[in-house]
Amino acid sequence: MNTPSAVLLFSAVISLGAALPHPRADRSELSPLPRASANDNRRPAGTLRDGKLDLRLEIVNAQWFPEAESGPSLAMQAFAEKGRAPEIPGPMIRVPEGTEIHITLHNSLPDSEVVVHGLHTRPAATDDVVKIPAGGTREVTFQSGAPGTYFYWATSAKKPLNFRVGKDSQLSGAIIVDPRNAPPLADHTFLIGLHSDDPDSAAGRTPHPREIVVINGKSWPYTERFTFTEGDSVSWRVINAADGPHPMHLHGFYFNVDRSGGEGVDSVLPPTAIRQANTRLLTSGSTMAFRFVLDRPGNWLFHCHLAGHVDGSSTVNNILHRRPMAEIEREHAGMDHGSHAMAGLIIGIHVLPRGERHVASTREPLRLRLLIQSKPDGYSHKPATGFVLQQGAEPSKDSVALPGPTLFLEKGRPARITIVNHLKVPTSVHWHGLEIESYPDGVAGWSGMPGRILPVIQPADSFIAEYTPPRAGTFMYHSHVNELMQTNTGMYGALIVTDSTHQFDPRIDKIILVGGGGPGSVEQRSTGRVNGTTTPQFELEAGTTYRLHLIQIHPQAMIMFRLGTDSTTARWTPVAKDGADLPPEQSTSRAAFVLMGAGENGEFLYTPERPGLQKLNVQTRFAGWQIPVLLFVRPSKKVVAN
């Protein structure tokens, strides 16, 4: 397969980009490379004096340890501040607004020109690049410009950012411009990087990519962990300097995005544009600054929701040794704990309790019994894994609802859900988006508190998830173990929480649930399903207002939703995001189009104006699959009074 074909095959999963030659590891015997340090973005680089920053940067070959400091390594290009060890990501430039920045760049690579982007005044509509020949030195001076979150990056392979995955993939660094005459915000900056290696594709053979995804130079469980106290307010910045999109999900809490931008422009969001969310899609080259309040103790995660970016198969050893996918999957399936079966873009958060806990509700709990089962021919004669809600006698062991049954809970009423594992492998269930206690959150081996950590649900065993939903809205539940297999093959479902003002009427509330249609891997993206089928349809009535619950839980895709005819786009009104109601100023009529990453959902009001056929087109952002949801709009049956 040629390189462009390989890109199309994999771009919707992780935007792999063009394949590059296989990096050699552990080259110390051949040529001792300096060791690259993981940069936690706490130390501003350079010397700041009298309103001017002087910084000397070098581009060097280095040995990178994205996992344990004593673990396997990769030869990688890196930035280094003169006189210091190389860093991945590169040295952070952090200055007050109005600073003059003078940077000297030296290219120590013996055989490659390097093109550096992002060293210019903000805001900027175009990118001024600096080209440095092998062994050459260049100087650049510019004003810091407007406050915001930016970054600089470089390539030695003449690739754009969204195709840069090779040995230059970690040549990126943060640029933070703080407001003039104000102390720097007590925040933290995270820069996302992705490295992929695929010698088969480079040689024109069938692609077999292997990758590792990092945040501030490290992959879970070696990423930085944070300890806070209940009630703390947290401010973070995230920079996506990797080649593909990343839907970033925060367990247990909502966050508010205050700033949004990219390499050249960053803007403060006006109060009317700020919304609560627990998942936000960051496309390649984008940035965000957000804040959240930790109002419950326990262990939590902030992570990318693409399964391949948190799955335990994304490791250095799998790059170095080109292990077959079948071998990787067998090893992955046998891991006992969810925390051990993860790697990649994950940050761990510990929240210590402050004071006494709240008294639990005395209302009678809603009791449900949810079975996890498998079926040999669930999706196109492929094995399926999914849920069955037991009502009465226990169903047969090979019965599976695809997707899982919609669970209806009540705000403020305790839920007591018994989960029974009839699979041959361990599993766990995450209640995505719910602001519940840590222990039942669903990350086996992590959720909970010291002394009480959530166990994995072993085969032939069960677990009782007890929690009280504090908010009415649209949510989802899914496996949080080996999601490329378990979630892709059917372990996902919609979760609706109701109250007196958020009722669910099947006549007007329509769930459109997008998920996988079979097992996936880093080499193979799962096909898609909408409500468990490739031929979904609804019958609507002209003049009636419907509430469309769009839920995107396909763990390997960015999904575009567009409602209308083949030539026109309808209009709808968004009313909720990730289960949280939107403020009135954001609930305005607009073109019926939205892009969602894995783990995002929204509610939209839609009124078909006239009879006929409408389509809600559901398709991957890049080359992949497309499923039209047919909306048959019949004439109104409303009687007009004389």
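Hydrogens, waters and symmetry mates play no part in the numbers below; they use all other heavy atoms, side chains included. All residue numbers refer to positions in the sequence shown, counting from 1.
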### Message
Whether the side chain of Glu81 engages the backbone of Pro91 through a donor-acceptor N/O pair (distance < 3.5 Å, no angle test) should be reported.
### Response
no
### Query
Where do Val265 and Ala124 come nearest, in terms of heavy atoms and distance?
CG2-O, 3.7 Å
### Message
Can you tell whether the side chains of Asp187 and Arg94 come within less than 4.0 Å, N to carboxylate O?
### Response
yes
### Task
Mark yes or no for whether Asn256, through its side chain, and Ile274, through its backbone, hold a donor-acceptor pair below 3.5 Å.
no
#### Entry: Ionic contact status for Glu97 with Arg122, cut-off 4.0 Å
no
### Task
Check side chain to side chain contact (heavy atoms under 4.5 Å, CB included) between Pro270 and all other residues, then give those that pass, not counting sequence neighbours.
Thr272, Ala273
#### Entry: Thr149 to Ala289 - nearest heavy-atom pair and separation
OG1-CB, 4.4 Å
### Query
For Leu605, does its backbone N or O pair with a side-chain atom of Thr573 as donor and acceptor, under 3.5 Å?
no
### Query
Taking the side chain from Ser479 and the backbone from Thr487, do they hold a donor-acceptor pair closer than 3.5 Å?
no
### Query
Do you know the tightest heavy-atom contact between Val165 and Ser169?
C-CB, 3.6 Å
### Query
Would you call Asp128 and Val140 a side-chain contact if the rule is heavy atoms closer than 4.5 Å?
no
### Task
Go through Met342 and Leu301 one step at a time and tell me if the side chain to side chain contact (heavy atoms under 4.5 Å, CB included) criterion holds.
CA-CA 12 Å; Met342 296 189 297; Leu301 294 181; 4.0 Å; yes
### Task
Return yes if some donor-acceptor pair links the side-chain N/O of Arg164 with the main-chain N/O of Ala241 below 3.5 Å, else return no.
yes
### Task
Identify the two heavy atoms, one from Pro469 and one from Tyr467, that lie closest to each other, and give their separation to 0.1 Å.
CD-O, 3.9 Å
#### Entry: Aromatic plane relationship, Trp300 with Phe253 - under 30° parallel, 30 to 60° tilted, over 60° perpendicular
perpendicular
### Query
Does some side-chain heavy atom of Ile175 sit less than 4.5 Å from a side-chain heavy atom of Phe151?
no
### Query
Is there a side chain to side chain contact (heavy atoms under 4.5 Å, CB included) between Val443 and Asn299 once you walk through the steps?
CA-CA 9 Å; Val443 185; Asn299 295 339; over 6 Å; no
### Thr227-Arg225 side chain donor-acceptor pair, cut-off 3.5 Å
no
### Task
Evaluate the side-chain proximity of Trp64 to Val214: yes if any heavy-atom separation is below 4.5 Å, no if none is.
yes
### Task
Please confirm whether the backbone N or O of Tyr439 pairs with a side-chain atom of Ser447, one donor and one acceptor, at under 3.5 Å?
no
### Task
Please tell me if the side chains of Pro89 and Asn216 come closer than 4.5 Å, counting only heavy atoms from C-beta onward.
yes
### Message
So Arg590 and Pro574, do their side chains get closer than 4.5 Å, heavy atoms only?
### Response
yes
### Query
Does Lys131 reach the side chain of Arg138, with side-chain heavy atoms less than 4.5 Å apart?
no
### Task
Scan His430, His350, His480 and name whichever one has a ring pair (Phe, Tyr, Trp, His ring centres under 6.0 Å) with Trp446.
His350
### Task
From the options His432, Lys577, Arg280, select the one residue that forms a side chain to side chain donor-acceptor pair (under 3.5 Å) with Glu600.
Lys577
### Task
Kindly compute the distance separating CZ (Arg56) from NZ (Lys82), expressed to the nearest 0.5 Å.
6.0 Å
## Note on the structure
When Gln276, Arg471, Arg275, His502 are each screened for side chain to side chain donor-acceptor pair (under 3.5 Å) with Asp581, the one that passes is His502
## Note on the structure
Nearest heavy-atom approach of Ala494 to Leu513 is N-CD2, 3.9 Å
### Message
Keeping Gln586 on the side-chain end and Pro583 on the backbone end, is there a donor-acceptor pair under 3.5 Å?
### Response
no
### Task
Classify the angle between the aromatic ring planes of Phe302 and Phe290 as parallel (below 30°), tilted (30 to 60°) or perpendicular (above 60°).
tilted
### Message
Quick check: closest heavy atoms across Ser172 and Leu191, and the distance to 0.1 Å?
### Response
CB-CD2, 3.9 Å
### Query
Is there a side-chain contact between Ile88 and Pro66 (heavy atoms, below 4.5 Å)?
no
### Message
I'd like to know if the side chain of Ser144 reaches the main chain of Val177, judged simply by a donor and an acceptor atom lying under 3.5 Å from each other, with no hydrogens or angles considered.
### Response
no
#### Entry: Approximate separation, where rounding is to 0.5 Å, of Asn617 CG and Ile559 CD1
10.5 Å
### Query
Do Thr569 and Arg562 have side-chain N/O donor and acceptor atoms under 3.5 Å apart?
yes
### Message
Any carboxylate oxygen within less than 4.0 angstrom of a Lys/Arg side-chain nitrogen, looking at Asp232 and Arg354?
### Response
yes
### Task
Look at the aromatic rings of Phe190 and Trp236 and report parallel, tilted or perpendicular, splitting at 30° and 60°.
perpendicular
#### Entry: Nearest-0.5 Å distance that lies between atom CD1 in Ile511 and atom OG1 in Thr474
7.0 Å
### Message
Please check: side-chain N/O of Asn107 versus main-chain N/O of Ile132, any donor-acceptor pairing under 3.5 Å?
### Response
yes
### Message
Among Thr279, Ile349, Ile347, exactly one meets side chain to side chain contact (heavy atoms under 4.5 Å, CB included) together with Leu250. Which residue is that?
### Response
Ile349
### Query
Is the backbone of Arg237 close enough, under 3.5 Å, to the side chain of Thr189 for a donor and an acceptor to pair up by distance?
no
### Task
Classify the ring geometry between His309 and His246 as parallel (under 30°), tilted (30 to 60°) or perpendicular (over 60°).
tilted
### Message
With a 6.0 Å cut-off on the ring centroids, do Phe79 and Tyr152 count as close?
### Response
yes
#### Entry: Derivation of the side chain to side chain contact (heavy atoms under 4.5 Å, CB included) call for Val268 and Arg259
CA-CA 5 Å; Val268 177; Arg259 305 189 69 105; 2.8 Å; yes
### Message
side chain to side chain contact (heavy atoms under 4.5 Å, CB included), that's the test. Do Thr287 and Ile239 meet it? Break it down for me.
### Response
CA-CA 5 Å; Thr287 68; Ile239 299 169; 4.0 Å; yes
### Query
Under 3.5 Å, is there a donor-acceptor pair between the Asp168 and Thr155 side chains?
yes
#### Entry: Interatomic spacing from CD in Gln77 to CD in Gln170 - rounded to 0.5 Å
10.5 Å
### Task
Before giving the answer on salt bridge (charged side-chain N to carboxylate O under 4.0 Å, His left out), spell out for Glu69 and Lys218 the whole-Å C-alpha distance, their side-chain angles and the decisive distance to 0.1 Å.
CA-CA 10 Å; Glu69 289 300 307; Lys218 287 291 187 179; 2.4 Å; yes
### Query
How are the rings of Trp153 and His117 set relative to one another: parallel (under 30°), tilted (30 to 60°) or perpendicular (over 60°)?
parallel
### Summary
d(Asp40 CG, Ile215 CD1) to nearest 0.5 Å is 12.5 Å
### Query
Rounded to the nearest 0.5 Å, what separation is found between the CD1 atom of Ile346 and the NE2 atom of His251?
8.5 Å
#### Entry: Side-chain heavy atoms of Val497 within contact of Leu434, under 4.5 Å
yes
